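Since we're looking at a predicted model, the values are computed, not measured. For the numbers below, each heavy atom of this structure counts, side chains included, while hydrogens, waters and symmetry mates do not. Labels below follow one simple rule: chain letters A, B, ... track the order of the sequence lines, proteins then strands, and each chain is numbered from 1.
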2 protein chains.
Amino acid sequence: MDEVCRAIADPTRRAILDELVDRDGQSLFELCARLTLKHGIGSSRQAISQHLEVLQSAGLVRVEREGRYKFHWFHGEPLEEITRRWPTRTQGESDA
Amino acid sequence: MDEVCRAIADPTRRAILDELVDRDGQSLFELCARLTLKHGIGSSRQAISQHLEVLQSAGLVRVEREGRYKFHWFHGEPLEEITRRWPTRTQGESDA
DNA sequence: TTGACATGCAAGTTTTTACTTGCCTATGCT
DNA sequence: AGCATAGGCAAGTAAAAACTTGCATGTCAA
């Protein structure tokens, strides 16, 4: 829970999740390129790699090494914990 | 969105939200006391006050000043943005 | 109106987090 | 084998949070 919340607190990491939702299974290099082009993020490869570690540790990204490539998949299930923990609508707040 | 994600990244702020869900409409002093007793949080009044500002700015807490008291109410609706942004279940991940 | 209580404000310090830099390892192709 | 590609590691730096300290303001009650 703590790791999930901290993971999505960074805008670059949120962009990474967006990118993976858009095209799942990207390698580190592919991600770096697309983040720069489509999201205007100028972070180095190492920076992105560290972000991916945080996301992986939070369970939001699944990683698999194949040869010299490392592929990444989005996994959103841990996010459910957030809305499970707090009600998104207060009692009696229905718009009737 | 950015503010919402950053707001719940801190464990003390998550405890504040828990406390307000448990008993809505608490004053700053009341919150400080209950956070110390029930959550083992030893932060000062000023620290809690600053956390509340962050939560208010993110739209997760509604504040109303009455005389010398300041009351706080939980408002979870902004959290919906998170699960709206990313799918919580990957396509084809049904447990059939 | 004086004093106690509830909170606000702002500058400074400590701790975390994000990012960089430089070098190393491993894989695959020719 | 040799070289280029994909990625890893670790120490250091820079920037952003969280927290503290000290004093100020405003409200209520006697």
For [X] and [N], what is the distance between atoms [atom1] and [atom2] respectively, to the nearest whole Å?
X: I41(B); N: dC19(D); atom1: CD1; atom2: P; answer: 9 Å
X: D2(B); N: dA16(D); atom1: CG; atom2: C1'; answer: 12 Å
X: E53(B); N: dC19(D); atom1: CD; atom2: P; answer: 14 Å
X: Q26(B); N: dT7(C); atom1: CD; atom2: C1'; answer: 16 Å
X: K70(A); N: dA26(C); atom1: NZ; atom2: P; answer: 16 Å
X: L52(A); N: dC9(D); atom1: CG; atom2: P; answer: 13 Å
X: Q56(A); N: dG8(D); atom1: CD; atom2: C1'; answer: 13 Å
X: E3(A); N: dT16(C); atom1: CD; atom2: C1'; answer: 15 Å

Below 3.5 Å is the cut-off: list the nitrogen or oxygen pairs between protein and nucleotides 18-23 of chain C, distance only.
{"residue": "dA18(C)", "atom": "OP1", "partner": "R13(A)", "partner atom": "NH2", "Å": "2.8"}
{"residue": "dA18(C)", "atom": "OP2", "partner": "R13(A)", "partner atom": "NH1", "Å": "3.3"}
{"residue": "dC19(C)", "atom": "OP2", "partner": "H51(A)", "partner atom": "NE2", "Å": "2.3"}
{"residue": "dT20(C)", "atom": "OP2", "partner": "S44(A)", "partner atom": "N", "Å": "3.4"}
{"residue": "dT20(C)", "atom": "OP2", "partner": "S44(A)", "partner atom": "OG", "Å": "3.1"}
{"residue": "dT20(C)", "atom": "O4", "partner": "Q50(A)", "partner atom": "NE2", "Å": "3.1"}

**Study point:** Residue of the set R23(A), R45(A), K70(A) for which salt bridge (Lys or Arg N to Asp or Glu O under 4.0 Å) holds with E30(A)
**Key:** R23(A)

With a 4.5 Å cut-off on side-chain heavy atoms, are [Y] and [X] touching?
X: K38(A); Y: D22(A); value: yes
X: I82(B); Y: T83(A); value: no
X: E77(A); Y: T88(B); value: no
X: H72(B); Y: L28(B); value: yes
X: E53(B); Y: S57(B); value: no
X: D18(A); Y: R85(B); value: yes

Check your understanding: So which of L55(B), V61(B), L60(B), I8(B) actually passes side-chain contact (heavy atoms from CB on, under 4.5 Å) with R13(B)?
Key -> L55(B)

Between the protein and nucleotides 2-5 of chain C, list every N/O to N/O distance that falls short of 3.5 Å.
{"residue": "dC5(C)", "atom": "O2", "partner": "R68(B)", "partner atom": "NH1", "Å": "3.4"}

Check your understanding: Hey, any chance W86(A) and L35(B) share a hydrophobic cluster, counting ILVMFWY side chains that come within less than 4.5 Å of each other, even indirectly?
Key ->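 Same hydrophobic cluster.
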
